[in-house]
Structure formats: C-alpha cells, structure tokens
Amino acid sequence: MYKNLWGCNLMTFANNQFFAFISFILIVGFVVYKIVQAQNGKIPAIRRIAGLDAIEEAVGRATEMGRPVHYSPGVGALDAATFAGLELLDLVAKQVARYGADLIVTIRQPIVLPIAEEVVKTGYRSAGVEEAYNPDSVRFISQEQFAYAAGTMGIMEREQVAANLMLGYFLAESILLAETGFKAGAIQIAGTDNRSQVPFFVTTCDYVLIGEELFAAGAVASQNPLKLGSIAGQDLAKIYAIALLVIGSVAANFGITAISNLLSK
Amino acid sequence: MLKKLQDLDSRIIYLVLLVAISLPMFNPLGLPVSVIEQTRRVYDFIEELEPGSVVVMSMDYSPGAAPEIHPQAIAITKHLFSKNMRVMFMGISQYASQFARDAIKEALTLHEAEYGVDYVDLGFKPGEEATVTAMGRNVHNTFPEDTYGTPVSQIPMMADIQDANDFAMVIAFDSGGSRHYYVGQINSLYGTPIACALNSVNVTNTMPYYASGQVLGILNGVRGAAEYEQMIGSLGTGTTNLDSISFGHLVIIFFIIIGNISYFASGRKPSKREVR
Amino acid sequence: MSTSLTTWVAAIGTLALLSFAWRENKFYSLFEHIYVASGAAHALVQGVKNIRANAITPLIGGQLIAIVPIILGLLFYTRFIPGKAKWSRYPIAATVGVGLGQNLPRLAGTNFMSQIRASFSIWTFNTVLVLVSIICVILYFYFSASEKAYKIIKYPTYFGRLIMMMAFGALFGNTVMGRLSLMIGRVSFLLQDWLGIVG
Amino acid sequence: MKVAKLISLVFAIVLILQFFFVSDTINTFGNTITSWNIVIAAFAMGLAAINLIRIHVIRIQLKRENWINSLVLIIVLVSQAGVGLFLGDDSSQYMFFFDGILNPLGATMYALIAFWIASAAFRAFKARTIDSTALLTVGIIVMLGNAPVGEVIWSQFPVLQEWLMNVPAMAAIRALYIGAAIGGIAVGVRVLSGIESGHLGAGE
C-alpha cells in the first residue's frame, strides 16, 4: 500500500493496523509536545485531587489527637506506583515535620528502605526541623507479603494510629491493612494502580486514588515538570479518544461510510 | 447489642465461614446451575469445529488460581478429545506442563488419544508477550522441542502446524495476563478465534474483549467449570464445589448486611466529607 | 484416610498456612519458607530447561549467533558480584526494550483502537449508555482542566465515578467467588483426599 | 548508561515496526530479538533462587533468629532443583515436590483471603459514601448472580448480573483500558527517551 520508506522491500500495513499506527504516533506526539512545553517553563495546571487535599487534613487530625500517622508506600519494588508512593511520602513528611506529628513508615521491599529514609529525612530538613527527625520512624518489616501485613497490623493496633495512608502498589494484603486501620478508627487514604484491590479500599477508606489519580497526585507532590507535562499530554490524547468515539459512533449511525472505512482500516 | 457485635473476634467469623462451606460437602444439595451465554459460546464453537482441527490450549495459570481454572482445563480437554481434535498444549507460565499433564491424564480415562498424533505438550516458554508473538509467526522456531525434549520436527502432528494461521482456535487458561497477548498479537493480526478460561477475579476486566468480539467466550471460575461439566455430561470438581459456593456467598452477604445495620444503628452516619 | 506421602505433606502444609488465620506462628513461617523455596526451585528448573532448548542445543547445532543471548543472560548474575552490578544493566535494558516494543503497539492497536471501534454500534439504550459511560469515565481521569473547564465536566465526572464504582462492585463480587473457591478447594482436599470423611 | 538506553531503544523500535508493518527485513531482525529474549528471560528465572540462597546462607552463618527456617529453605530448594534437573520435571519424584508443596501451598496462600473477606465484610465493608453504596449493591447482586442459590431466591438475579457485567462494568473497564493504553504509551515514551531510568539503577 505504501512504497518502500526505509529502503526495505515493499512495506504494507499488517491487516487493519493502519489507524492504530496513526493513533500511536499521535499519542506519542501529544506526550512529547507537552513534555517539551513543560521543560520550557509552561507548567500545566492540574485540577484538585480529593485524596491529595485530604492528606493535610489527616495529618492535622493526627496532631490534634496526639496519635501517629502510618504510611505504607506499597509492597512493590521499583515500579511506577511505588515511585508515586514515595513522592507522596515526601509531601507527608514535610507536613508531619511542620505539624510536629509523629510518623511511622512500614517497608516491605529492602530496595525501597534507603529511598524512603532519604525522603523522610529531606522532608524534615526542608521544614527546618531536621533535629526532630526520628531515625526509627522508617521501619523494614519483612519481605514476605503476609508477614509484612501481620507486622504492620500489629503496629497499627498497638500505636492506635490516627491516620492510615496506603499509597503505592498493593496486592491481596491490602484488605488486612485496611480492616485494621478501620478498626483503629483511623482516617484512611489509599491509592493503587492495581485495579483488583481498589474495591477493598473503596469500601473501607475515606478517600481512594484510583490508578492514574495516584500518578497525577505523585506528579503534583513532586512538582516535576516532565511528569506534569506528560500528564497534560495524556489529557490531550484523551480528548483525541473522545473525539474518535463521537465521530465514529455518529458516522456508523448515519451511514457516513467514508469515515467508518477510514477508522476501520 | 449490635454495637458489641462489631468487635466480635475475627476467629469466630472464620469458623462460621469454614462451617458454612464444609456442611454441603457432607450432603450435597445439587442446586442446578444454568449455563450462561458466555460459557455456551465456547462449547458451541468447539462443537462446530470439524475433527482434526488444531486447538491450542495455553496453560497460563499459577497454583493460586488452579483450583478455579484447572477444573475448566480438565472439562475442555475431555471435550476436545471426545471430538478428536488435535490439541497443542503449551504455556507462558512456568507451571504449564505440570497442569497439562494432569488434565490429559483425567481426559484419557474417558477418551482415546495418542501423543504426537492427537495431542502434544510443547511445555513452558518464558518471554511473556514476545513468546506469544514469536509462536504466532513460527511455532517450530519458538518451541524447538516438546516438554520431554523430543525435537518438534520428529513429532508427526507438528508437520503441518507452522504458524497462527494453522490454529483453528486458541483457549487461554489464564490468571496472569496471557489473554491480552493472544487478543493483541494473535487475534488482531491473524484473526484466530480466542476463548478465555479465567479465575473469577479476571472475568470483569475481560468483558470488553468479549463485547468487542475479540474473545468469543469466557468461562468464569468454578461456576464456569460446573457449567461446562454439565454440558459435556461428565461432572467433576466444578459441580461438587458449587453448593459450598452458594453457602459461602450467603454467609458473606449476611455479614455485609448485619455489619451495615449495626454500623448505622450505632449512629455513625455515612461520612458527608466524601461527596467530592 | 489417605496413605500417600504427598497428600500428607500437602495436608500438613495446608494446615500450617491456614494457622496464620488463628495467629502468626512458627509453624506458619516454617512452611512459608518451604513454599518460597519450592517456588524458586521450580523457576530455576524451568529456566535451565529453556536455556538448553533455545540456546545450548542451537549453539551446539552450529548457530553461533545463539551465544549473544547467553552472554546477556549471564550478565544478570553480575548483581551478586560486588562492584560489577552495573553490568546487569544490559540484559535489563534488553528485556525492557523487548517488553515495550511488544506492549506499546498492542496498547495502541488492541486496547485503544479496537476498543474505540467496538463502541461504534447502532444506538440502542444499552449502547448509548455504554458510549456515554466511556466518555464520562475518561473525563474523570482528565487532570489539566482549568477551573472554568472543570465546572463544565464536573457532573459528567460524577457519573463517570458512579459507573466506575459499579464496575468495581462487579469486580468485588467476582473476587469474592474466586477466593471462596480457593478456600473450598482446600477444605475439600482436607476432608476428601486426606481424611476421606466426605463422599 | 548510554549503551543500555540505546539497546532498549533499538530493540523497542524494531519490534514496534514489526507489529505495524509487514516487511521481511524487519521480520528477520525482530524474530532474532524475540528469540534472544526467550533465552535472556530464562536466565532471569534463576535469580530468585540464587538471591534466596545468598540471603539465607548468611542468616544461617550469623545464627539469626529462627535460622532453622533458612536451613530448611536451602534444603528444599537444593533437593527440588536437583531432582528437577537430573531426573526431569516430569519424574514422579519431582511430582512429590509439585503436588506435595508448590501446588497446595500456593492455593492455600490465596485461600486465606476468603477468611479476611469474611471478617472485613462484617467489620469494614460499610456503605458510608455514595461510591461504597453503589459498589456494595452491585457486588451483592453479582454474587447472587454467580451463586446457584441466587437463582433459587429470585430468578432474575443472573439476568440482572449479566446486564451489570455487560453494560456498566464493561463500559467502565473499556474506558480504563483506553486510559491505560494512553498511560502505558506515555510511560514508554519517558522510559525510551531516558527521562525515567530508575529500573537501570540510576535512580531518579
């Protein structure tokens, strides 16, 4: 269908992948365009995210009640959700330092431990109260999934935590942590990209960040222009998707075959 | 009184659940199960395949999902052998051969089938999506040997199975995600019909492929196995466990309702904050 | 009562892990270590089998190019040599490259384009509801809306969130059936295969 | 660092072209890369075993708390791997390890969750917000649709469940797939352009 582009012999499109290729190029284009724009200083404004604003409220409540804030960056190692969890930990550490509440961070993956310690330390330093940083606020519990859950449950019950923040990649142990937090009467904010755990968070927590909301909250917390640009680029692609949906649906119902054939190539 | 119920010891709740699911095992009620559309379509498709068609059974489930998916694999293997299809077992999960071997053993108790002619087990191949793509392009390159180490060139039935165009159908017994690869790399490029046999947690997120026709049918966990066993007339663990599922569900629903009644009765209003 | 050693070992292991529900104990953590060991051993055996089939045999058969993936694969193990860990970056990069190279076009083709095409159906109550729901859920994840724009899409995002909650309810219902089936599988193994007190 | 990113970029671009275009030249490159990937992935499968042996041998030497478990772990790992490699993973001795340990314990680990769902159902699954009310209502209907007893209580439950699964649930998941496709491609752009290289150990 197209003469040879890169000197290879005739390149034809695999069956009905033409418009998929067009969409692929467009989505990549939107993301790159917005990232470059953000690099040149045009930082996109991101709307308020309910769960994100509730974090400050939760830390304030914990300070009033004189009970600790528990934070878990999830059970994942170096995946996107864990990075978002650590960015939000930075935000929480700054607020905890400013309010003077005490913080307990429970860790499952050994590789995440040093990063989390560094994040909490810099949080206290940037709030100007570095001497208030308590080294054993960041605790490695266990690498085994359910041993980590059992250890964390014990801490939450003993310390009667006032706020339970679970932001990162979670598996089946999510329900154990959420139920213990609920029993302790803590205000619970959870966020994960693992969709099959979202139902257990929704029914037990006050606020839930679902999938992309966790990444958007992480980007807002980190104020990293590249990430904010990437989110704006993804939004452009979503407008493109909605446009395709409307145009294609209208074309199909009014028999405008030209559009329908193009979209199905 | 309801408030006191709230801090009931969890272990009592576990005991109640254990009793509820064990009781029907002692005297099964045999509640009937109706076959739903998404299961029937898999059965009908296989019924219409003419004998000798090549059906790929991709065994991609872990021990954590086996109690839900393995009964499905046994039922479908029995069905395929009874219609003397040519069945190619393989998998991108490391447990493929162990589960395939057990399913074949169960099916051979009912139907005749000869290794290398009626069925073959190419075993497990790592590489996730890349392996599914490679298999679609060239089966012999991707699987140079079967799971017992015999070169594929020496297996009679593999002579005319070169690539995905030779597959009459692929059934993804999947708990890890291989269904996405089969829909994306095989169905989209070669039009090969794909059926899914899944553990229940993965059924909901496979519905879009079913609605768009990229997947021709879905078996949903132990219930799917029971439905299929009923259709092929050879009852197995799917059917026997079904009564316990009914009792288990009733207990969970009862707990949710009682929990909510005592929650509202104890005056804790739903939190207004989360209106958004 | 079963007499096979395998069934007895499986039954003792099952009871050990179930004891975690009573409370965490030594019996549980011993069998958790045994389970972790068995899983790692199985992965090692399957890995070696495939290295032999797809690399060693072709290499002996004369395909010298097959040495490249073997070298890259061996570089994974430099992580265990102090100071040499950075060499493991190359096989990781190769796997990530292949992963993305396979995944990204499929995302554009199957997850994006085919799902959009599948929504071009003739309007009935259900298909219009599906179309409107899809648009509202996409809008829910629209983040860079200015205050003014956000006012317009506020209510569609509420509808989108409600539809999403119904989807998560369906996911919840199926997850409950799945986990129950697993527990039922273990109980019937204990009562039937091991103790033999059930029909 | 540069070479590693280059490997990722070249491998990814060849395979992306191979998906969208039909061309013999690209196919040969792409097929070689994918066959290499099988071998590389096979090598990676041994990492977990080596890592476990390293950690637990240290625990035994230092006589850490309950080091007996570590000793048992090493024994099981070495004996199962030995049987699997020398007698073959289809030997009856190997089936002892598979049917006696791996398969039953794997299923039991996940079966435990049924206990926790039961206790959370009683204690924590509350219809406190509009979201959790909608979620629990649909959840209960889907459960009654799945369980044969549901049909006995009211014959319409399976019909209602099928509608919930095929219309609202399917629509939301389809929208999440479209969003995830866009998100996945965006992550791909950031990784291949080197903006994000946490996985290569450079840290962010």
Side-chain angles (χ1 to χ4, degrees), chain B residues 6 8 10 13-14 16-17 31-34 36-37 62-67 94-95 97-98 101 125-128 130-131 133-134 137-138 141-142 147-148 189 200 203-205 207-208 210-211 220 223 242-243 245-253 255-256 258-260 263 270-271 274-275, chain D residues 15 18-19 27 31 33-35 37-38 40-42 44-45 88-90 95 98-99 102-107 109-111 114-119 121-131 133 136 139-140 143-144 146-152 158 162 165-166 169-170 173-174 176-177:
Chain B
Q6 276 287 297
L8 192 66
S10 303
I13 296 170
Y14 303 156
V16 168
L17 182 68
L31 291 171
V33 61
S34 58
I36 58 173
E37 185 57 22
S62 62
Q94 56 185 310
Y95 311 100
S97 279
Q98 279 71 26
R101 200 166 301 125
K125 198 59 68 182
E128 292 292 319
T131 302
T133 318
R137 285 210 185 84
N138 184 325
N141 271 4
T142 316
T147 191
Y148 305 104
L189 298 179
S200 303
V203 168
T204 317
N205 59 41
M207 292 311 288
Y210 178 60
N220 177 353
R223 184 200 161 94
L242 218 47
D243 294 336
I245 283 192
S246 289
F247 275 67
H249 275 88
L250 286 182
V251 162
I252 303 278
I253 292 167
F255 278 153
I256 292 177
I258 291 290
N260 275 282
Y263 174 75
S271 68
E274 223 297 305
V275 168
Chain D
L15 294 177
Q18 190 177 18
F19 179 90
N27 271 348
N31 294 345
I33 291 172
T34 30
S35 65
N37 182 60
I38 291 173
I40 296 169
M45 294 187 77
D89 71 341
D90 52 335
M95 290 320 281
F98 187 81
D99 293 334
L102 190 50
N103 200 18
L105 299 197
M109 291 296 276
Y110 287 94
F115 279 152
W116 303 328
I117 285 182
S119 74
F122 180 68
R123 221 192 304 283
F125 292 161
K126 298 298 182 267
R128 308 151 33 119
T129 60
I130 305 156
D131 300 340
T133 312
L136 284 175
I140 289 174
M143 277 195 262
L144 287 170
N146 278 341
V149 72
E151 275 172 87
V152 170
E162 214 157 347
M165 291 291 284
N166 283 292
M170 191 282 293
I173 303 285
R174 178 172 282 172
L176 292 177
Y177 273 176

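Chain A is the first sequence line, chain B the second, and so forth, proteins listed ahead of strands; every chain is numbered from 1.
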| Does some side-chain heavy atom of D:Ser35 sit less than 4.5 Å from a side-chain heavy atom of B:Thr142? | no
| query | Any side-chain heavy atom of D:Val149 within less than 4.5 Å of one from B:His249? | reply |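 Heavy-atom side-chain distance check fails, nothing below 4.5 Å.
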Locate the shortest heavy-atom distance separating [X] from [Y]; write the atom from each residue and the value.
X        : Y        : result
D:Ala41  : B:Gly127 : CB-N, 3.9 Å
D:Ala118 : B:Phe255 : O-CD1, 3.7 Å
B:Ala130 : D:Thr34  : CB-CG2, 3.8 Å
D:Ser119 : B:Tyr14  : CB-CE2, 3.8 Å
B:Tyr148 : D:Asp90  : CD2-OD2, 3.2 Å
B:Asn260 : D:Ala127 : OD1-N, 2.7 Å

| request: Please look at D:Met170 and chain B and tell me whether the side chain, the backbone, both or neither of the residue comes under 4.5 angstrom of a heavy atom of that chain. | output: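 Its backbone and side chain both get close to chain B.
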| query | Looking at D:Asp99, D:Ile33, D:Ile140, which makes the most heavy-atom pairs under 4.5 Å with chain B? | reply |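 The answer is D:Ile140.
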| task | Find the one option among D:Gly139, D:Gly106, D:Ala114 whose heavy-atom pairs under 4.5 Å with chain B are most numerous. | result |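 Most heavy-atom pairs under 4.5 Å with chain B: D:Gly106.
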Pairs of heavy atoms under 4.5 Å with chain D: top-ranked of [options]:
options                                : value
B:Ala66, B:Ser62, B:Pro67, B:Pro63     : B:Pro63
B:Asp243, B:Val203, B:Ile245, B:Thr204 : B:Thr204
B:Gly248, B:Ala65, B:Ser200, B:Ser34   : B:Ser34

Looking at [atom1] of [X] and [atom2] of [Y], how far apart are the two atoms once the value is rounded to the nearest 0.5 Å?
X        : Y        : atom1 : atom2 : result
D:Met143 : B:Ile256 : CE    : CD1   : 4.0 Å
B:Ser10  : D:Trp116 : OG    : CH2   : 11.5 Å
B:Tyr263 : D:Arg128 : OH    : CZ    : 4.5 Å
D:Ile117 : B:Ile13  : CD1   : CD1   : 13.0 Å
B:Ile253 : D:Leu136 : CD1   : CG    : 11.0 Å
D:Asp89  : B:Gln98  : CG    : CD    : 5.0 Å

Please classify the contact between [X] and chain D as side chain, backbone, both or neither, with a heavy-atom cut-off of under 4.5 Å.
X        : value
B:Asn141 : neither
B:Ile252 : both
B:Ala211 : both
B:Asn220 : side chain

| request: List in chain and number order the residues that pass side chain to side chain contact (heavy atoms under 4.5 Å, CB included) with B:Gln94, two or more places apart in sequence or in another chain; answer none if no residue qualifies. | output: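 Checked B:Gln94 against side chain to side chain contact (heavy atoms under 4.5 Å, CB included); matches are B:Phe124, C:His42, C:Ala43, C:Gln46, D:Met45.
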| field | Residues that D:Asn166 engages under side chain to side chain donor-acceptor pair (under 3.5 Å), provided they are two or more places apart | value |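 Partners of D:Asn166 under the side chain to side chain donor-acceptor pair (under 3.5 Å) test: none.
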| message | Does the plane of the ring in D:Phe98 sit parallel, tilted or perpendicular to the ring in B:Tyr95? Use 30° and 60° as the thresholds. | response | tilted
